Participant: 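Below is a structure I'd like to ask you about.
On a predicted model such as this, the values are computed, not experimentally measured, just so you know.
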Amino acid sequence: GNGGSAAESQHISAEVVGKFLKDRKPIPAISLNVDTSAITAISNDYKFENIFERQIQALVSSNDLLVGLTTSGKSENIEKGFKIAKSKGANTVRFTGHKAPINQYVDIDFKVPSDITARIQETHLIVWHLICELIDEQVDN
């Protein structure tokens with residue numbers, strides 16, 4: 001994600017790798033916006049819209065799940081990331097707002113029925129906390 005969605009991505013990744021409510025085995029997850037060296041090098045050598053695409057090309061495999069957070073659904077860097085992830089056979093989920101355009105590279109499109117950025121992001125976080133709770137229930141120590 002970008003901006004607030006980037007912060008939310010870090011929050012979610014930390015709960016998946018660490019824990020949410022109970023101790024359990026860690027699940028591999030990474031927020032692609034935390035590596036400032038990669039982001040600045042890629043945006044300098046290529047373009048900002050390639051910052052996630054390049055990392056996904058290097059890190060994602062067919063056994064992976066790519067989750068993108070984009071309140072508007074119009075962030076070119078995230079949308080390009082979905083395309084490369086699908087070309088690698090990964091599963092994809094997008095968290096966005098209801099006006100987001102259709103993306104053919106997204107398997108599951110979770111759209112919050114609101115135009116208000118804050119409400120969209122708050123809803124994303126509530127849903128992610130519910131997902132983390134389910135992960136806690138399903139993953140053993």
Participant: Please round to the nearest 0.5 Å and tell me the distance separating atom OG of S5 and atom CZ of F95.
Facilitator: 11.0 Å
Participant: Identify the two heavy atoms, one from A29 and one from V16, that lie closest to each other, and give their separation to 0.1 Å.
Facilitator: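 A29 and V16 have their closest heavy atoms at CB-CG1, 3.8 Å.
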Participant: Testing the basics here: between A85 and T92, what is the closest heavy-atom pair and its distance to 0.1 Å?
Facilitator: CB-CG2, 4.0 Å
Participant: First locate atom CD1 of I51, then atom NZ of K80, and finally report the distance between them rounded to the nearest 0.5 Å.
Facilitator: 11.0 Å
Participant: Once salt bridge (Lys or Arg N to Asp or Glu O under 4.0 Å) is applied, do any residues pair with E79, and if so which ones, sequence neighbours excluded?
Facilitator: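 Expected list: R94.
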Participant: Between E15 and H11, do the side chains contain an N or O donor and an N or O acceptor separated by less than 3.5 Å?
Facilitator: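 Yes.
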Participant: Give a yes or no on this: more than 12 heavy atoms of other residues, nucleotides or ligands lie within 6.0 Å of atom CD1 of I102.
Facilitator: no
Participant: Please determine whether residues L69 and L65 belong to a single hydrophobic cluster, defined as Ile, Leu, Val, Met, Phe, Trp and Tyr linked transitively by side-chain heavy-atom distances below 4.5 Å.
Facilitator: yes
Participant: Are Y46 and L32 in one and the same hydrophobic cluster, where Ile, Leu, Val, Met, Phe, Trp and Tyr link if side-chain heavy atoms are under 4.5 Å apart?
Facilitator: yes
Participant: Determine whether the side chains of S9 and S31 contain a donor N or O and an acceptor N or O closer than 3.5 Å.
Facilitator: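 Note: S9 and S31 side chains meet the donor-acceptor criterion.
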Participant: Could you state whether I42 and L66 fall into the same hydrophobic cluster, counting links through intermediate Ile, Leu, Val, Met, Phe, Trp or Tyr residues with side-chain heavy atoms under 4.5 angstrom apart?
Facilitator: yes
Participant: Contact between I135 and R24 at the side-chain level, heavy atoms closer than 4.5 Å - yes or no?
Facilitator: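 Side chain of I135 against side chain of R24, heavy atoms only: contact under 4.5 Å found.
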Participant: In Å, rounded to the nearest 0.5 Å, how long is the span from CD of Q10 to CD of E8?
Facilitator: 11.0 Å
Participant: Apply side chain to side chain contact (heavy atoms under 4.5 Å, CB included) to K99 and D115, showing your working.
Facilitator: CA-CA 7 Å; K99 288 188 176 178; D115 295 330; 3.2 Å; yes
Participant: Can you confirm whether the side chains of N77 and S75 place a donor and an acceptor under 3.5 Å from each other?
Facilitator: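 Their side chains do not contain a donor-acceptor pair, so the 3.5 Å distance test is not met.
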Participant: Distance check, rounded to the nearest 0.5 Å: W128 atom CH2 versus F110 atom CZ?
Facilitator: 11.0 Å
Participant: Are the side chain of D64 and the backbone of S61 linked by a donor-acceptor contact shorter than 3.5 Å?
Facilitator: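 Yes, the answer is positive, given that a donor and an acceptor are paired below the 3.5 Å cut-off.
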Participant: Are V127 and F20 connected into the same hydrophobic cluster when the rule is that any two of I, L, V, M, F, W, Y join if their side-chain heavy atoms are below 4.5 Å apart?
Facilitator: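 Unlinked, F20 and V127 end up in two clusters.
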Participant: Quick one: does S62's side chain have a donor or acceptor within less than 3.5 Å of a partner on G89's backbone?
Facilitator: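 No.
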Participant: Would you give the length of the straight line joining atom OG1 of T71 to atom CD of Q121, rounded to the nearest 0.5 angstrom?
Facilitator: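 Going from OG1 on T71 over to CD on Q121, the span is 4.0 Å.
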Participant: Drop me the distance from K47's NZ to E76's CD, to the nearest 0.5 angstrom.
Facilitator: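 Interatomic distance, K47 NZ to E76 CD, rounded to 0.5 Å: 8.5 Å.
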Participant: Determine, using the 4.5 Å side-chain heavy-atom cutoff (strictly less than), whether I27 and I30 are members of one ILVMFWY cluster.
Facilitator: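 No, no single cluster joins them.
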Participant: Give the C-alpha distance, both sets of side-chain angles, the deciding distance and a yes or no for side chain to side chain contact (heavy atoms under 4.5 Å, CB included) between V60 and Q55.
Facilitator: CA-CA 8 Å; V60 171; Q55 292 181 79; over 6 Å; no
Participant: Start with the C-alpha distance between D136 and K19, add both sets of side-chain angles, then the distance that settles salt bridge (Lys or Arg N to Asp or Glu O under 4.0 Å), and finish with yes or no.
Facilitator: CA-CA 8 Å; D136 277 359; K19 71 172 197 168; over 6 Å; no
Participant: Please name the pair of heavy atoms, one in S43 and one in F48, separated by the smallest distance, quoted to 0.1 Å.
Facilitator: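 Residues S43 and F48, closest heavy atoms: CB-CA, 3.8 Å.
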Participant: Minimum heavy-atom separation for N2 to I78, with atom names?
Facilitator: ND2-CD1, 3.6 Å
Participant: How close do K111 and D109 get, counting heavy atoms only, and between which atoms?
Facilitator: CE-OD2, 3.1 Å
Participant: Salt bridge (Lys or Arg N to Asp or Glu O under 4.0 Å) with D35: which residues, sequence neighbours excluded?
Facilitator: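 D35: no salt bridge (Lys or Arg N to Asp or Glu O under 4.0 Å) contacts found.
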Participant: Testing V93, V106, D107, I56 one by one against F82 for a side-chain contact (heavy atoms from CB on, under 4.5 Å), which residue passes?
Facilitator: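 Considering V93, V106, D107, I56, a side-chain contact (heavy atoms from CB on, under 4.5 Å) with F82 is found only for V106.
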Participant: If you look at every heavy atom in K22 and V139, which pair is closest and at what distance?
Facilitator: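 For K22 and V139, the tightest heavy-atom pair comes out as NZ-O, 4.0 Å.
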